[in-house]
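Presented below is the structure to which this report refers.
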Protein chains: 2
Amino acid sequence: MKIPRPTVKRLGLYYRCLSNYREDGVDFVSSQDIAEKLNIKPSQVRKDLSYFGEFGKRGLGYDVKKLLNEIAHIIGVNKEWNVAIVGAGNLGSALTSYPGLSKHKFRVVALFDNNQQKIGKKVSGITVYDISDLERTVNELKIEIGVIAVPEFAAQHVAELLEKSGIKGIVNFAPVRLRTNVPVEDVDITLSFETIAYNVVKKSSLDLLDTSND
Amino acid sequence: MKIPRPTVKRLGLYYRCLSNYREDGVDFVSSQDIAEKLNIKPSQVRKDLSYFGEFGKRGLGYDVKKLLNEIAHIIGVNKEWNVAIVGAGNLGSALTSYPGLSKHKFRVVALFDNNQQKIGKKVSGITVYDISDLERTVNELKIEIGVIAVPEFAAQHVAELLEKSGIKGIVNFAPVRLRTNVPVEDVDITLSFETIAYNVVKKSSLDLLDTSND
DNA sequence: TAGATTGTTAATCGATTAACAATC
DNA sequence: TAGATTGTTAATCGATTAACAATC
């Protein structure tokens with residue numbers, strides 16, 4: 001079955017939401033509960049889950065631990081993922097010690113760079129390898145996810161190196177649309193700033209109109 | 001008129017695409033040209049632009065510089081934006097020197113933290129202020145955009161401080177849905193990793209099916 | 001059983017795309 | 001003028017939501 005893209009994105013949100021419930025010691029939640037936390041409709045939650053199975057109990061809701069486990073399986077965070085970051089600059093270094101990753105089964109096990117000054121050094125306990133060792137290291141350390149944290153002009157080239165090395169998926173922080181045969185997820189920081197700028201401008205022009213109230 | 005959310009996101013992509021064309025010395029482009037670079041349909045490009053005006057010449061296409069200027073006005077990057085980053089940890093520090101921001105009219109002018117060890121120090125030339133000085137500094141430095149780069153548990157609190165200080169928009173890197181009255185744009189790094197994990201798992205199960213070819 | 005909440009269908013809403021007259 | 005490409009309409013596609021029978 002074809003799963004809508006927005007549904008996939010929300011799966012991660014459900015996972016996080018349920019993790020919070022579990023930490024709070026909550027045993028059962030309704031689609032209503034989840035929806036309120038996430039600012040969406042309860043029927044959205046039920047529909048999304050229904051693509052993958054029947055996880056709830058009518059009249060009762062969802063068993064938090066059970067559903068958490070189901071979703072972990074669906075999005076693949078029931079196992080650990082080994083991650084390589086290409087680009088040991090500020091962003092790459094920050095990601096290496098980013099708590100949100102280690103907390104959620106993503107282990108950064110290698111950094112890569114082409115700067116001889118950096119190669120062999122450690123960043124937050126992780127070795128910086130020469131980019132030319134990519135293929136060998138990816139195999140040795142069983143790395144499945146690659147992160148692109150290099151400047152724009154190098155991104156496509158790095159993507160191709162990653163693909164050749166046998167990586168299975170890419171998280172791309174460079175502001176370019178990559179051409180690859182492996183799945184890519186873009187984290188477009190500049191675009192987010194531009195979007196917020198647009199919304200700020202729009203809001204202030206609306207606020208001006210508001211006072212005239214027509 | 002109500003502009004579709006996806007259109008707003010693409011505006012930033014058009015802006016970037018046209019910047020590249022300008023750098024390459026290209027004077028005119030068609031919706032076809034833009035669409036190819038971005039992997040979308042030409043009619044999508046024309047429809048998106050049509051929400052804001054008639055910027056093209058029939059039979060010729062779009063004047064790169066002129067359209068670039070129009071889009072800059074629409075998304076608000078015709079002027080400089082002063083940005084404050086809350087949280088002088090690894091991520092906050094990395095963003096301070098992120099070239100993608102300074103390049104696109106976003107100037108990080110202040111960092112905030114509550115760690116006395118960090119306050120008063122400089123990170124990439126930017127002073128770290130005490131979070132209790134937020135309101136005063138936002139006014140003095142005319143800061144309009146706030147960035148949340150603090151741990152999850154502190155994010156909602158910081159969002160409220162930012163709002164109270166008079167900030168106009170927030171870019172949020174913490175994995176929480178914020179409740180505010182100002183526009184928020186989420187950059188959800190963990191969610192991107194979860195999405196790529198899902199896609200990798202899905203792809204490898206499809207690949208398995210592929211060989212049997214039924 | 002009565003009350004609650006699921007899973008699913010069908011209706012609605014919104015975004016994408018094809019098609020084409022307008023026009024450079 | 002002939003060729004090309006826009007701006008816009010209408011058709012299509014896809015995602016969200018309301019509604020409700022099923023059932024815990």
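Keep in mind that this is a model prediction, so the values were computed, not measured. Order of the sequence lines fixes the chain letters, A, B, ..., with proteins taken first and strands second; residue numbering starts at 1 for each chain.
Remark: A:K65 NZ is loosely packed, at most 12 non-hydrogen atoms of other residues, nucleotides or ligands lying under 6.0 Å away.
For the pair B:D48 CG and C:dT17 C1', the interatomic distance rounds to 12 Å; values are reported in whole Å. When the P atom of D:dT23 is taken as reference, atom CZ of A:R58 falls 6 Å away, rounded to whole Å. Computed from coordinates, the A:K2 NZ to D:dG14 C1' distance equals 7 Å when rounded to whole Å. We find that CG of A:D63 is positioned 15 Å from P of C:dT5, with the value rounded to whole Å. The distance from atom NZ of B:K9 to atom C1' of C:dT16 is 18 Å, rounded to the nearest whole Å.
The stretch residues 33-47 of chain B comes close to DNA chain C through B:K41, B:S43, B:Q44, B:R46, B:K47, each having a heavy atom under 4.0 Å from the strand.
Salt-bridge formation is not detected for the pair B:R22/B:D63: no Lys NZ or Arg NE/NH1/NH2 atom is positioned less than 4.0 Å from an Asp or Glu carboxylate oxygen. A salt bridge links A:K79 with A:E144: the distance from a Lys NZ or Arg NE/NH1/NH2 to an Asp or Glu carboxylate oxygen falls below 4.0 Å. No salt bridge links B:E80 with B:K105; every basic N to acidic carboxylate O contact stays at or beyond 4.0 Å.
With hydrogens and angles left out, the side-chain atoms of A:E185 and A:N172 include no donor and acceptor closer than 3.5 Å.
Consecutive Watson-Crick or G-U pairs involving DNA chain D, each under 3.5 Å on both distances, make up stems of three or more pairs at C:3-24 with D:3-24.
No donor-acceptor distance shorter than 3.5 angstrom exists from the side chain of B:N39 to the backbone of B:A35, with no hydrogens or angles considered.
Note on A:F55: only backbone sugar-phosphate atoms sit closer than 4.0 angstrom, heavy atoms only; bases stay farther off.
Of the residues near DNA chain D, A:R10 and A:G59, the one whose nearest nucleotide (by heavy atom distance) lies more toward the 5' end is A:R10.
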